[in-house]
Amino acid sequence: MIRMTEPSKITTQTVPDHQPAAGGIAARARASVGPKYLSGLNPEQREAVETLDGPVLVLAGAGTGKTRVLTTRIAHILSQGRARPAEILSVTFTNKAAREMKHRLGQMLGHAVEGMPWLGTFHSIGGRILRAHAELAQLKSNFTVLDTDDQVRLLKQLLQADNIDDKRWPARMLAGLIDGWKNRGLTPSQVPAGEAAIFANGKGGKLYASYQERLKILNAADFGDLLLEDIRIFREHPDILRQYQQRFKFILVDEYQDTNVAQYLWLRLLSQAPSSSSSLPGLTRPSINSSQDGSPGLDASRRPGDDEQDHATPVAAGEKPHVKNICCVGDDDQSIYGWRGAEVDNILRFDHDFPGAKVIRLERNYRSTGHILAAASHLIAHNEGRLGKTLRTEDQDGEKVTVTGSWDSEEEARGIGEEIEQIQRKGEKLNEVAILVRASYQMREFEDRFVTLGLPYRVIGGPRFYERAEIRDALAYLRVINSPADDLAFERIVNVPKRGLGDATVQMLHDHARKRRIPLFEAARAVIETDELKPKARGSLRDVVTQFDRWRAQREVTAHTDLAQIVLDESGYTEMWQKDRSADAAGRLENLKELVRSMEEFENLQGFLEHISLVMDRDSGADEDAVSLMTLHSAKGLEFDNVFLPGWEEGLFPSQRTLDEQGRAGLEEERRLGHVGLTRARRRAMIYFATNRRIHGTWSTTIPSRFLDELPAANVEITESKGGSAWGGTGGYGASRFDDMEAFGSTYSTPGWQRAQANRNRGGGRNGGGGSGGFEEEAATFSSSSPGPDFGSFSPRRRGPLTIEGELVAKSTGTTSDFSLSDRVFHQKFGYGHVTKIDGNKLTIHFDKAGEKKVVDSFVQRA
DNA sequence: CCCAAGCTCTCGAGA
DNA sequence: AGAGCTTGGG
């Protein structure tokens, strides 16, 4: 496996502050007389903007001006006359990022940027290309984009048709598998046999194939197809590929560390210089991480007739595909989307994939104070698979990062609430306060608290607008109008509002449709001419068909917003919610109005539907002064003066599930998430953890996150939680504390807790963990790291030199418990029992009545 | 065909 | 704890 840089090179390669960027005379000459958009850039940024030719990788650490570089680069290309707006392909991951870039470009160029038609998310641009060549994917250009929900419902139908027990083999799981395959660029015939077999006794691959067939019949594509079908079209039709290669003179990619294999392949195809040669290099990805079986994923050519397989041979070593001007910007330390197929390897091996690539590091941080940056850097230094950057700041040290322990998550929310009120009293804006949680279920407690306090807040990236039932219903009506073959949409609304068309009727329509190979809607039209249905159902169905025919006719002469309103009213859908007396009915009606309003931004119904499924976020009242509440994931790219980071506990953060599924790679991704969280803060970062947390409705005792131990003592301050902490100071939760804990229940030994415990013990035994005891500052040293990163290895032990010193270490009060095996003990809640296992100050006790429990020794007394 | 009660399952991040 | 789904009775 190839590593890009030796650690030793990293520091020396950094461009010194005062010298002009490499690039020599030309760059210097431009530097003095350069256009004004270049002024204010530091030398590295400037180099990233001005190196227009050939592949460029910009390693942009948090807060180093990444977006600025990207937008300035586009401005530079345009003003140098190197390309017209329509010749620049610029891809981002989120709509937010795309909007932000458009906005900043507009500001920079002064005049309106009418062009830049190819600035957008991977999915929107992929979808656009697919629509242009839909017929090559057996689709019509008005195809529907299915979201996860539709996908699962469709798969459920397929499972039923195949008589597969969807209890044992959930549709969700299959959806996840298919998603994963698509992320890796695999069509049904390319899925390795072993993987296809793991679902439903070997039917996985076949189901994937029939799912794809169904999609074509429904005139639909899922998110993965938006890229995968492009790739297939490019491969099968070199002339089309060449057309795009010629069009795009420059390619820019944001957040490159988040790209998955499919996105990588897509980019790679587009980034080849146009060539008429039949041997297209780079059609496949060279083996990713030297997997032992030697199957690089794409060479599974089991099915005859897939002639594109012929190209699927790895690029020969030394072969240099001609690559044009592609600039990828990313930060390996912010790669947090491994779970959806992102390959950190894409960025780690950039110069291998794009030979001759210039790598530019942006390490000057303009965002955070010294202490925050030091803490974040120190934390991330524990990762092995890094390219290695050292973030620097010229800002002052500022306040130390605080770590606060609370008894439980309610106290945590209370403490943070009070802290925020203090910030407010100091006259700071709530807009500059954010709470970043690991899992969305953590949000509720804060919302409750803020409602009580009357503190304005907004949830960012919460349940998405178009995922709401009423929006999906309304969209389904519009989808049926737009695409009569959209059976999923038809099925969704055929009996909404209630029309007496239940499962029996729908089933009958299905049979009919399948027999004649026609869409459900057409089946309905046929069936109402027969007397197969009871008169009542028949009448209802006739009404539905007639209504849709009328709406489709109206579509020609009515503005699409008016049409939507008409459809909602005439179908009785609006009325349905007006009659509904539940609390949220009013809100739903409001949402429907909002939906109709939002349609105004689009030319017509078709354009609206094309976009709606790709637009995830709705900007909600950003002008109001309010605290922001969001997940760590959705915080990427944002910054705030004050950042609260609650829930730093084993099992929650790092997430047990990630650890279980991804081993050490997962742990490193979680650590990067912590790094992202800390680097969101400009002036104050405040970490919290609770000793007790409610998970799945029951209280569990948790132990502080290992990441706390990995913070540098010199930059961190331990504080007391407001309202009394069970942690620190008093030396552990005493029995008196426990007396108050009504809710402390039976779940001390949840599987998650046990796993966390097991992992912790396996992970080097540096400390006994435990919620009890105080932090002690201590110059801790542990050894780490073999010379090269070692992906794919799950070895929990680190080897080699690299020492990290000066860390906080949580020390358990009693690493030696007073109890010994089979001691008879008494517990206030569980009664009498005897000790079966001792682990530091944690005891496993078999209680006479309550069974086996894990308990901290201070909770029990000798019987 | 509809509704209500009971049941199970989830509770990691997104386009 | 809560949602979503299945089941049984009207």
Side-chain angles (χ1 to χ4, degrees), chain A residues 91-98 120-127 145-153 156 166-167 170-173 176 179 182-183 221-227 255 258-260 262-263 335-342 436-445 448 460-464 466-467 469 495 497-507 533-534 536-537 540 611-617 630-636 647 651-662 666 669-670 672-673 676-677 693-700 743 745 747 750 752:
Chain A
V91 280
T92 64
F93 274 83
T94 62
N95 293 294
K96 196 171 70 188
T121 63
F122 272 103
H123 288 98
S124 67
I125 292 176
V145 179
L146 299 188
D147 60 22
T148 317
D149 223 69
D150 290 323
Q151 212 179 342
V152 170
R153 278 194 302 144
K156 201 170 269 178
D166 67 350
K167 283 255 165 52
R172 282 191 157 281
M173 179 183 171
D179 228 40
K182 289 189 172 180
N183 283 341
D222 63 18
F223 286 119
D225 286 342
L226 299 181
L227 291 165
E255 308 278 15
D258 288 338
T259 49
N260 60 35
Q263 286 155 343
S335 163
I336 53 176
Y337 285 108
W339 53 272
R340 65 174 201 212
L436 312 182
V437 297
R438 175 63 183 85
S440 49
Y441 66 80
Q442 289 173 262
M443 291 186 190
R444 265 202 52 171
E445 227 142 2
D448 286 353
I460 297 187
R464 275 164 284 298
Y466 76 90
E467 280 173 9
N495 199 29
K498 301 262 180 275
R499 298 189 177 92
L501 300 168
D503 289 347
T505 315
V506 172
Q507 195 51 51
L533 285 172
K534 292 196 196 105
K536 210 173 148 209
S540 291
H611 277 269
I612 190 68
S613 53
L614 299 172
V615 177
M616 50 158 288
D617 45 12
M630 70 192 93
T631 63
L632 284 164
H633 281 89
S634 48
K636 192 160 71 154
L652 174 59
F653 184 58
S655 145
Q656 190 56 49
R657 197 159 149 193
T658 307
L659 262 39
D660 289 346
E661 288 168 10
Q662 324 245 16
E669 181 155 317
E670 294 286 303
R672 290 193 290 267
L673 210 39
V676 167
R693 186 171 295 276
R694 197 167 18 198
I695 301 170
H696 305 352
T698 44
W699 285 96
S700 312
T747 52
T750 59

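Per chain, numbering begins at 1; letters A, B, ... match sequence-line order.
- Between the side chain of A:S540 and the backbone N or O of A:R499 there is at least one donor-acceptor pair closer than 3.5 Å.
- Atom CG of A:L436 is separated from atom C1' of B:dA13 by 13 Å (rounded to the nearest Å).
- Checking A:S124 against A:R499, the closest nucleotide of DNA chain B that is more toward the 5' end is the one next to A:R499.
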Listing time: all N or O pairs from protein to nucleotides 3-11 of chain B that are below 3.5 Å?
| residue | atom | partner | partner atom | Å |
| --- | --- | --- | --- | --- |
| B:dC11 | N1 | A:H696 | ND1 | 3.2 |
| B:dC11 | N3 | A:H696 | ND1 | 3.1 |
| B:dC11 | N4 | A:H696 | ND1 | 3.2 |

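- A donor-acceptor pair under 3.5 Å is formed between the side chain of A:H633 and the backbone N or O of A:I336.
- Between the C1' atom of B:dG14 and the CD1 atom of A:I612 lies a distance of 16 Å, rounded to the nearest Å.
- Across all strands shown, A:F93 has heavy atoms under 4.0 Å from sugar-phosphate atoms exclusively, and none from any base.
- Between the C1' atom of B:dG14 and the CD atom of A:E669 lies a distance of 13 Å, rounded to the nearest Å.
- Rounded to an integer number of Å, the gap from A:D179 CG to B:dG14 C1' is 10 Å.
- Screening A:D258, A:T259, A:N260 for a side chain to side chain contact (heavy atoms under 4.5 Å, CB included) involving A:Y337 leaves a single residue, A:D258.
- A stacked arrangement is not assigned to A:Y337 and the six-membered base ring of B:dA13, the conditions of a centre distance below 5.5 Å and an interplanar angle below 30° not being jointly met.
- Contacts of A:A537 with the nucleic acid, taken as non-hydrogen atoms under 4.0 Å apart, are absent.
- Checking the phosphate oxygens (OP1, OP2) of B:dG14, no side-chain nitrogen or oxygen of A:T148 falls inside 4.0 Å.
- By the side chain to side chain contact (heavy atoms under 4.5 Å, CB included) test, A:E669 pairs with A:W339, A:R672, sequence neighbours left out.
- Dashed line: the shortest gap from a side-chain N or O of A:N495 to OP1 or OP2 of B:dC2 is under 4.0 Å.
- A:L436 has its side chain within reach of A:M630: a pair of non-hydrogen atoms, C-beta onward, lies under 4.5 Å apart.
- Residue A:T94 places no side-chain N or O under 4.0 Å from the OP1 or OP2 atom of B:dG14.
- Side-chain atoms of A:Q151 do not come within 3.5 Å of backbone N or O of A:L146 as any donor-acceptor pair.
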Check step by step if salt bridge (charged side-chain N to carboxylate O under 4.0 Å, His left out) holds for A:R153 and A:D150. CA-CA 5 Å; A:R153 278 194 302 144; A:D150 290 323; 3.0 Å; yes

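- Residues passing the side chain to side chain contact (heavy atoms under 4.5 Å, CB included) test with A:A171, sequence neighbours excluded: A:V152, A:L155, A:K156, A:L159.
- In summary, A:D660 and A:R657 do not engage in a salt bridge, as defined by a charged side-chain N under 4.0 Å from a carboxylate O.
- Around the CZ atom of A:R340, the shell of radius 6.0 Å holds more than 12 heavy atoms that belong to other residues, nucleotides or ligands.
- Once you apply a 4.0 Å limit to the heavy atoms of chain A, the touched nucleotides of DNA chain C run 5' to 3' over C:dA1 to C:dG2.
- The side chain to side chain contact (heavy atoms under 4.5 Å, CB included) test applied to A:D149 returns A:D147, A:R472, not counting sequence neighbours.
- Separating the CG atom of A:D147 from the P atom of B:dG14 is a distance of 14 Å, rounded to the nearest angstrom.
- Summarising the geometry, the separation between CD1 on A:I460 and P on B:dA13 is reported as 15 Å, rounded to the nearest angstrom.
- A:D222 places no side-chain N or O within 3.5 Å of a backbone atom of A:V145 that could act as its donor or acceptor partner.
- When base pairs are accepted only as Watson-Crick or G-U wobble with both N-N or N-O distances under 3.5 Å, DNA chain B takes part in stems of 3 or more pairs at B:1-10 with C:1-10.
- Among the heavy atoms of the strands, none lies under 4.0 Å from A:R693.
- Comparing A:G502 and A:R340 along DNA chain B, the residue whose closest nucleotide (by nearest heavy atom) sits nearer the 5' end is A:G502.
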